[in-house]
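Since this is a predicted model, take the numbers as computed values, not measurements.
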Protein chains: 2
Amino acid sequence: MKTIGFDSHNHDACISDALGIATDICAQQKLQFTPVRRRVLEILLHEHRAMGAYDILEVLSSEGLGSQPPVVYRALDFLVKHGLAHRIEGLNAYTACAHLDHEHVPAFLICRTCKAVAETDTGIAQGRLGQAAASAGFTIEKVVVEAEGLCPSCAGAAA
Amino acid sequence: MKTIGFDSHNHDACISDALGIATDICAQQKLQFTPVRRRVLEILLHEHRAMGAYDILEVLSSEGLGSQPPVVYRALDFLVKHGLAHRIEGLNAYTACAHLDHEHVPAFLICRTCKAVAETDTGIAQGRLGQAAASAGFTIEKVVVEAEGLCPSCAGAAA
DNA sequence: TGATAGTCGTTACATTATAACATATCAATA
DNA sequence: TATTGATATGTTATAATGTAACGACTATCA
């Protein structure tokens with residue numbers, strides 16, 4: 001289990017690595033990694049941060065890549081469906097996947113101040129929730145785990 | 001850890017018990033358990049199910065208890081703030097708290113077909129997410145755990 | 001009684017998301 | 001190459017969810 005998000009890192013490399021992996025994934029699965037889709041992922045990667053669909057649309061729009069909501073929602077649907085991005089339910093927002101290289105059940109640490117998002121893994125389906133579901137006869141198809149709070153730098157700034 | 005929601009039970013008693021406890025809680029904390037607030041909780045209790053704010057508003061409105069969105073959102077804010085109800089982030093919906101009698105970090109099993117909601121406890125903050133947060137220096141203030149899938153009766157109906 | 005905090009009713013609006021349909025593009029193949 | 005079918009895009013319009021702001025009312029208590 002590795003948490004990614006609040007540590008500093010070579011961000012340019014991080015972005016280009018992720019785009020490379022995403023390109024490979026799309027090629028392998030014969031998915032069309034179109035300009036809009038690529039650009040939306042790029043925008044999300046550029047910030048390690050949850051962004052609203054309309055925030056992204058604003059950027060796209062300023063670049064002539066589409067100016068109406070369906071454009072960005074379709075791209076986000078594509079990215080989320082194929083695991084390249086995640087939706088943050090608690091914020092009605094989206095973030096690039098930080099663990100492109102393997103299957104996972106994501107869990108998020110979300111800073112309520114700066115909206116920075118750290119992604120980590122969780123074995124929740126094998127844990128207590130999994131037990132509860134099993135004993136209730138419930139079939140889990142999807143799990144949302146989101147923790148909201150303060151990231152180290154915002155906690156420091158507040159102190 | 002007890003899961004409540006998919007088992008059958010005496011629902012009338014369940015509702016009146018919960019309303020009684022809610023009344024006590026409000027009295028103890030000197031909160032005003034006004035007609036609108038009580039009625040919204042009652043509506044949520046009546047279904048063990050996630051309901052959208054506008055669904056609830058429709059019922060209120062048909063009873064002359066208020067016809068504008070702020071009425072229901074205020075009541076829901078009150079109920080959620082004081083732990084009498086929970087917001088289901090994955091559905092933009094609300095459900096009555098099924099564990100009124102003790103403090104807890106709720107986790108939900110949500111049927112994607114019938115929207116039935118079972119509430120259970122989770123020790124997530126002490127589990128892997130807690131570890132991840134601690135090692136990242138992140139301060140957790142609130143945790144959302146929601147599993148979407150099929151409840152026993154919908155799974156049976158589909159088969 | 002007056003002061004205060006909390007609640008309610010209402011208007012108007014902001015934000016988030018989708019339905020529906022026409023057009024365009026791509027990939028496989030007749 | 002031309003055709004076809006699947007996929008993606010552009011656009012208009014609208015649905016669904018949620019809030020800001022203001023004035024009136026109500027409970028409580030000094």
Original post:
How would you list, by chain and number, every residue that makes a salt bridge (charged side-chain N to carboxylate O under 4.0 Å, His left out) with B:R38, sequence neighbours excluded?
Top reply: none
**OP:** With sequence neighbours excluded, give me every salt bridge (Lys or Arg N to Asp or Glu O under 4.0 Å) pair touching residues 52-68 of chain A.
**Re:** A:R39-A:E63
Original post:
Nearest-Å distance, CD (B:Q32) to P (D:dT28)?
Top reply: 7 Å
**OP:** Between protein and nucleotides 12-19 of chain D, map the contacts as a letter string: B base, S sugar-phosphate only, - none, heavy atoms under 4.0 Å, written 5' to 3'.
**Re:** B----BBB
Subject >> Interatomic distance, A:R38 CZ vs D:dT9 C1' [rounded to whole Å] >> reply: 18 Å
**OP:** Mind calculating the distance between CG (A:L31) and P (C:dA27) to the nearest angstrom?
**Re:** 13 Å
Subject >> Nearest-angstrom distance from the residue atom CZ of B:R37 to P of D:dT26 >> reply: 15 Å
**OP:** Send over the distance from A:L60 CG to D:dT9 P, rounded to a whole Å.
**Re:** 11 Å
Side chains of residues 107-118 of chain B: which donor-acceptor pairs under 3.5 Å do they make with residues two or more places apart or in other chains?
unit_1	atom_1	unit_2	atom_2	d
B:R112	NE	A:E141	OE1	2.6
B:R112	NE	A:E141	OE2	3.4
B:R112	NH2	A:E141	OE2	2.9

Original post:
Excluding sequence neighbours, so at least two apart, what forms ring pair (Phe, Tyr, Trp, His ring centres under 6.0 Å) with B:F138?
Top reply: A:F6
Subject >> C:dG6 base / B:R74 side chain donor-acceptor hit below 3.5 Å >> reply: no
**OP:** Report yes if a side-chain nitrogen or oxygen of B:S67 is closer than 4.0 Å to either non-bridging phosphate oxygen (OP1 or OP2) of C:dG9; otherwise report no.
**Re:** no
Subject >> Under the side-chain contact (heavy atoms from CB on, under 4.5 Å) test, residues paired with B:H46 that sit two or more places apart >> reply: B:I15
**OP:** Measure the acute angle between the ring planes of A:H48 and A:H11, then classify it against the limits of 30° and 60° as parallel, tilted or perpendicular.
**Re:** tilted
Subject >> Integer-rounded Å distance: D:dA6 P and A:K30 NZ >> reply: 18 Å
Subject >> Between C1' of D:dA27 and CZ of B:F33, the distance in whole Å >> reply: 18 Å
**OP:** Return the value, rounded to whole Å, for the distance between atom CG of B:L57 and atom P of C:dG9.
**Re:** 12 Å
